[in-house]
Number of protein chains: 2
Amino acid sequence: MVTIKDIAQQAGVAKSTVSRYLNGGSVSKKTKAKLDQIVNETGYTPNTFAQSLKAKKTNMIGTIIPRLDSFATNAILASIDEELRKKQYQLIITNTNQNIEREVENIYTLAKQKVDGIILLATVVTEAHRAAIAAVGIPVLLLGQSAEGLHTIVHQEYEAGFKMGSHAIDLGHKKFLFFTVPEEDKAVGQLRSKGVLDALRKYPDTFIEIIETNFSFSKAYEKAMDVLPATSATYVLCATDNIALAVMKAAHTLGLSIPNDFSLSGFGGYTVASIVTPSITTVKYPYKKLGALSVANIIELVEGKEIVSNLELPNELIKRESTVYLKSSK
Amino acid sequence: MVTIKDIAQQAGVAKSTVSRYLNGGSVSKKTKAKLDQIVNETGYTPNTFAQSLKAKKTNMIGTIIPRLDSFATNAILASIDEELRKKQYQLIITNTNQNIEREVENIYTLAKQKVDGIILLATVVTEAHRAAIAAVGIPVLLLGQSAEGLHTIVHQEYEAGFKMGSHAIDLGHKKFLFFTVPEEDKAVGQLRSKGVLDALRKYPDTFIEIIETNFSFSKAYEKAMDVLPATSATYVLCATDNIALAVMKAAHTLGLSIPNDFSLSGFGGYTVASIVTPSITTVKYPYKKLGALSVANIIELVEGKEIVSNLELPNELIKRESTVYLKSSK
DNA sequence: GTGAAAGCGCTAACAT
DNA sequence: ATGTTAGCGCTTTCAC
């Protein structure tokens, strides 16, 4: 391993001169030429750890994600990665596999690795989260879940829900089945759901059956297999595209046809929702923009600047083949 | 930031004693108790960089992946992550966005960050790759592409292709359309394809039309929209599940029905291939096992042990609704 | 069992 | 423009 000292010796100069040369300080043309050559020959690369030890800045940003197999997560991550690269930062991804304790644990782990900042794709925000964030003393940006007193960027979940609910009403439907997730999840289980329900309940003569499931495909499929045969609903709302896909699969299995037997919609704007037949009506979230904004904000925070603490990003209803006007026959 | 020095001062002992205490060396019960308490109170955590500066070992493994939005990649990554965690290693993921130069670049970047080893989900292996691997002097494990003289773990691609080709033949088909990827990709474009073609060509009276596309959904969709209307094929083979999904979408758009108008198969074992209707026949690769094996091997390498340099993992044909016996009418 | 001291590779005053 | 020096937080001889 060739070090700054070796270079210095070979060039017959002091370590500090080499250091200055490396970091763009003023050096004479002659020494520069000599150093250029030696560095090239030896293939010297600085020891990041020794640098970090002084600099207190590693140019690494850590992210904590709940799972690797989510379209939304990957879209956001890809965007974060791209933006971070532009700014000469390195991305470290840690996966919690939906384990909340691990989420907190990873905050500490990343802090130990001296990342300059952390972007947390949060599932929930517990006291342990707050304690960890306070303890590590590095900027943390929360994505997807709002939390008092922390820096967050979230989607307009209530509005998304309301849009979709209104869409269903506009199509003339009265009887609804709503697959949603537990209230523990504030963004989806509370806000998005409330938006949907508020929109539906604005009209007096609607009938809504609520089914609680979770984010997994298989669980949603099971629930759908249970519920679909007996339902009289003409419109099935699902809290995520993933759930919608599961319901669609169940419908196929049961010999039900979408949108003839019922309309179906999800949330998320996942690519697969557009490629299945019929394509699924959904709400599209600006993942790319979210990623870009996250990076811009976390870097501001790293540099000690002030930012708007709580941002909300708008989204867009995408009408597709899976939702149609209520047929008068029903 | 509380350091070992602070702890030492508070405890009235030397830094070295604290260090020994921290690293399981021999300390008296009394000092241990005192130190226990102080460390707890202060919430001390060692500075990883200072440690690494001496230790030359960071317990970090770097991975280089071509894209974040691939089912296969995510499945492998999740498995690697899980295994690594068990062994107290930290995973660093870097994304190249399908850019080959960046792949090489990232080898150097990760080396600078002093990862103990690199797992590379390779797309191709160029001279630049070999040069980089030789230069950084840390163990590199290649996944998915074989390469002379390097440590690799690959899928039995030829066999996978051959299995699928044989399946198509067994169903009585004679006319085939084969969507494949360029030969640059050795694993898929060469081996997998050759397996398919060899199986088909074993029978003299087969007719095969080959369409070259790439890994992207949209490109495959375009090609399919071009080709499907005119084809007389009764079985469409696709080099990946992603391509198969694109063909399926095109078929729907064109009003063609699978498997009535033609049978369809992919490769990869992606989840979505099982949830669409009809579900798609595919070859399932053991991603989880691949991840686990990768971790086991890279750690062996890191510890300076010898390993089997070139491993091949078997796979499994999954027959689903999209492929059926050739109807005698055609 | 414990402490003093050297050193890992680098940066950053400060002096020349 | 260049060299000297100190020090980042930690580990590791080597005495005691």
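Keep in mind the model is a prediction, meaning the values are calculated, not measured. So that the names make sense, note that chain A is the first sequence line, chain B the second, and so on, each numbered from 1.
Looking at the side chain of A:Ser16, the nearest of the listed nucleotides D:dG9, D:dT2, C:dA12 is C:dA12. Among the nucleotides C:dC10, D:dA1, C:dT2, the one closest to any side-chain atom of A:Ile4 is C:dC10. Distances were taken from every side-chain heavy atom of A:Asn23 (C-beta onward) to each of C:dT11, D:dA1, D:dC10; the shortest belongs to C:dT11. The nucleotide whose nearest atom lies closest to any side-chain atom of B:Lys15 is, among C:dC10, D:dT11, D:dG3, D:dT11. With D:dT11, C:dT2, D:dT2 as the candidates, the nucleotide lying closest to the side chain of B:Arg20 is C:dT2.
Taking 4.0 angstrom as the limit, B:Thr31 places a side-chain polar atom (N or O) nearer than this to OP1 or OP2 of C:dT2. Under 4.0 angstrom from either OP1 or OP2 of C:dG1 there lies at least one side-chain N or O belonging to B:Ser26. Within the structure, every side-chain polar atom (N or O) of B:Tyr21 is placed at least 4.0 Å from both OP1 and OP2 of C:dG3. Note on A:Ser19: every side-chain N or O is 4.0 Å or more away from OP1 and OP2 of C:dC10. Not one side-chain nitrogen or oxygen of A:Gln51 sits closer than 4.0 Å to the OP1 or OP2 atom of C:dG9.
Rounded to whole Å, the distance from CG on B:Asp6 to P on D:dC10 is 9 Å. If you measure from atom CG of A:Leu22 to atom P of C:dC10, you get 8 Å, rounded to the nearest angstrom. To the nearest angstrom, C1' of D:dG3 lies 16 Å from NZ of A:Lys5. Rounded to whole Å, atom P of D:dA1 lies 16 Å from atom NZ of A:Lys34. Rounded to whole Å, atom P of C:dC10 lies 16 Å from atom CG of B:Asn47. A straight line from CD1 of A:Ile7 to C1' of C:dG9 spans 12 Å, rounded to a whole angstrom. Atoms CD (B:Gln9) and P (D:dC10) sit 13 Å apart, rounded to a whole Å.
Salt-bridge check for A:Lys86 with A:Glu83: passed, with a basic side-chain N closer than 4.0 Å to an acidic carboxylate O.
For the residue pair A:Tyr285 and A:Gln156, no side-chain donor N or O sits within less than 3.5 Å of a side-chain acceptor on the partner.
Residues in residues 88-104 of chain B take part in no salt bridge (Lys or Arg N to Asp or Glu O under 4.0 Å) pair, two or more places apart or across chains.
Between A:Thr3 and B:Ala14, the residue anchored nearer the 5' end of DNA chain C, judged by the nucleotide with its closest heavy atom, is B:Ala14. Between B:Phe49 and B:Thr17, the one whose closest nucleotide on DNA chain D sits nearer the 5' end is B:Phe49.
For the side chain to side chain donor-acceptor pair (under 3.5 Å) with B:Asn106, the lone residue among B:Thr96, B:Thr94, B:Thr63 that qualifies is B:Thr94.
Aromatic ring orientation, B:Tyr287 versus B:His155: perpendicular (interplanar angle above 60°, classes split at 30° and 60°).
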